[in-house]
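First up is the structure itself, then whatever we jot down about it.
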Amino acid sequence: MLTAFARAFRTPDLRKKLLFTLAIIVVYRMGTHIPIPGVDYKAVQQCMDEASANQGLFGLVNMFSGGALLQITIFALGIMPYITASIILQLLTVVIPRLEALKKEGQAGTAKITQYTRYLTVALAILQGTGLVATARSGALFNGCPVASQIVPDQAIFTTITMVICMTAGTAVVMWLGELITDRGIGNGMSILMFISIAATFPSALWAIKKQGTLAGGWIEFGTVILVGLVMVALVVFVEQAQRRIPVQYAKRMIGRRSYGGTSTYIPLKVNQAGVIPVIFASSLLYIPALVAQFAGGKSGWKTWVEQNLTKGDHPIYITMYFLLIVFFAFFYVAISFNPEEVADNMKKYGGFIPGIRAGRPTAEYLSYVLNRITWPGSLYLGLIALVPTMALVGFGASQNFPFGGTSILIIVGVGLETVKQIESQLQQRNYEGFLR
């Protein structure tokens, strides 16, 4: 990986792309530290200092924003509205025929879906920004902080609207920065910004482990966490690269005096076909009951049960539900993102077949059979990756959203591998161009 980056910096046009990407990252990180109007920054910092390592309901969103959410900055919502909008549009593509038709139109249809994603991102930013401002005004953003209710001193309607507009505009700017990286930089812009947001929480989280440790001044715990992280990264890289290759043979066709086809290729089915989406779905769904209970008044039985069982990452009921939801969403997302019948029809249209399997319906049934069985180890792997680091690190006082935990490690490794592959492919393309010249 380091060799690829070194070679890229020696190539003039790739060096420009890398430096442009770094400049956008610097701008993004600066925006995560600029507070919005109407917020008492001293009160926010006091609550941040007194906050425990577990940031509760807002921990996941705060991780995706690079710590900007709890500081209530202009980039407080970060990339989360765009991620949510992209997932919603991807799910609706299966349900709404119009979106499915746009997806099949190629580049023009993709551009239209991207435009819809931008509109939905702004709408979600307004909704989430309003919820964040309401939570900050009520003092629920930092439970237990004595000055939590003083974070927004002026609770006039004009101040509230201004705060929501600033956060919505910040989300639009983040979306624009991500698209700039995609167009003029290296890699997928949104993925790069997500990577940077999560990586930005590494130093503080690791240092918190060291300060809370008791063995050799905390260095034993610190070193153990580093070793656990390296082992988890190696495991994730190994499984993310694993795939089942289904061979496909294309028959020869004679057109005039020339023959076409007769080639052999394969369909790569990844063990983790769903990626990190099931973990995000499961985390978001488990946050809903706790969020409703937080804003519900009184001391009803259901509220007490939710607060006791669904707000602590190390509770057995929470762990069981989290694991089952990840497995369910893994199968659900694979079912809507990979259509065996469509793949079988395309193969039949171009004269392709799987050796030993008849074209058409038998091919679709075979692909579905293989996909179901390869999704089982993939879904169990996702559940273990999401839970094992959490359970292991609870003893060191880490939060359930520690960087070496499920969602963050999957995103960091996935984005890192994809970015390195893009750099290597561009380097290889330039080597070929130089050879042809």
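Quick caveat: nothing in here was measured; it's all calculated off a predicted structure. Numbers here are sequence positions counted from 1.
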Would Tyr82 and Leu124 count as a side-chain contact (heavy atoms from CB on, under 4.5 Å) if you check the C-alpha gap in whole Å, the side-chain angles of each, and the deciding distance to 0.1 Å?
CA-CA 8 Å; Tyr82 186 86; Leu124 289 175; over 6 Å; no
Please walk me through it: do Leu382 and Phe323 pass side-chain contact (heavy atoms from CB on, under 4.5 Å)?
CA-CA 9 Å; Leu382 280 177; Phe323 184 82; over 6 Å; no
Could you give me the CA-CA distance, side-chain angles and deciding distance for Ile354 and Tyr366, then say whether side-chain contact (heavy atoms from CB on, under 4.5 Å) is met?
CA-CA 9 Å; Ile354 299 173; Tyr366 176 75; 3.8 Å; yes
Using the side-chain hydrogen bond (donor to acceptor under 3.5 Å, both in side chains) rule, take Tyr333 and Gln273 through it: C-alpha gap first, then chi angles, then the decisive distance, then the call.
CA-CA 9 Å; Tyr333 189 77; Gln273 190 82 3; over 6 Å; no
In sequence, state the C-alpha distance, the side-chain angles, and the governing distance for Met321 and Leu324, and then conclude on side-chain contact (heavy atoms from CB on, under 4.5 Å).
CA-CA 5 Å; Met321 292 184 66; Leu324 293 177; 5.9 Å; no
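The closest donor-acceptor contact from the side chain of Thr21 to the backbone of Ile186 lies under 3.5 Å. Between the side chain of Ser368 and the backbone N or O of Ala364 there is no donor-acceptor pair closer than 3.5 Å.
Atom CD1 of residue Ile192 and atom OG of residue Ser197 lie 11.0 Å apart, to the nearest 0.5 angstrom. Atom NZ in Lys103 sits 8.0 Å away from atom CD in Glu100 (nearest 0.5 Å). The CD1 atom of Ile79 lies 14.5 Å from the CZ atom of Phe195; values are rounded to the nearest 0.5 Å. Here CD1 of Ile113 is found 10.5 Å from CG of Leu92. Values are rounded to the nearest 0.5 Å.
Heavy atoms only, all atoms of each residue included: Phe331 and Ser379 are closest at CE1-OG, 3.7 Å. Nearest heavy atom pair, residue Arg184 against residue Lys17, reads O-CG, 3.6 Å. Across all non-hydrogen atoms, the minimal contact from Pro268 to Gln243 is CB-OE1, 3.7 Å. Here the closest non-hydrogen pair linking Ala359 and Gly352 is CB-O, 4.5 Å. Closest of all the heavy-atom pairs between Val237 and Val413 is CG2-CG1, 3.5 Å.
The residue from Ile246, Val343, Leu269 that alone fulfils the side-chain contact (heavy atoms from CB on, under 4.5 Å) condition with Leu371 is Leu269. Considering Val133, Thr130, Ile74 as possible partners of Met167, the one that fulfils the side-chain contact (heavy atoms from CB on, under 4.5 Å) test is Val133.
No side-chain donor from either of Tyr369 and Glu365 sits under 3.5 Å from a side-chain acceptor of the other. Residues Ser264 and Gln249 have side chains that bring a donor and an acceptor to within less than 3.5 angstrom of each other.
In this structure Thr160 satisfies the side-chain hydrogen bond (donor to acceptor under 3.5 Å, both in side chains) test together with Arg137, sequence neighbours excluded.
Atom CZ of Arg15 has more than 12 heavy atoms from other residues, nucleotides or ligands within 6.0 Å. Heavy-atom neighbours of Glu341 CD from other residues, nucleotides or ligands within 6.0 Å: at or below the threshold of 12. Within a 6.0 Å sphere centred on CD of Gln107, heavy atoms belonging to other residues, nucleotides or ligands number 12 at most.
Between Ile83 and Met190, the closest side-chain pair of non-hydrogen atoms is not below 4.5 Å.
Counting only residues at least two apart or in different chains, salt bridge (charged side-chain N to carboxylate O under 4.0 Å, His left out) contacts with residues 164-181 comprise Arg118-Glu179. Residue pairs meeting the salt bridge (charged side-chain N to carboxylate O under 4.0 Å, His left out) criterion with at least one partner in residues 78-92, sequence neighbours excluded, do not occur; the list is empty.
Using a 30° and 60° split on the angle between ring planes, Phe328 and Phe332 fall in the parallel class, below 30°.
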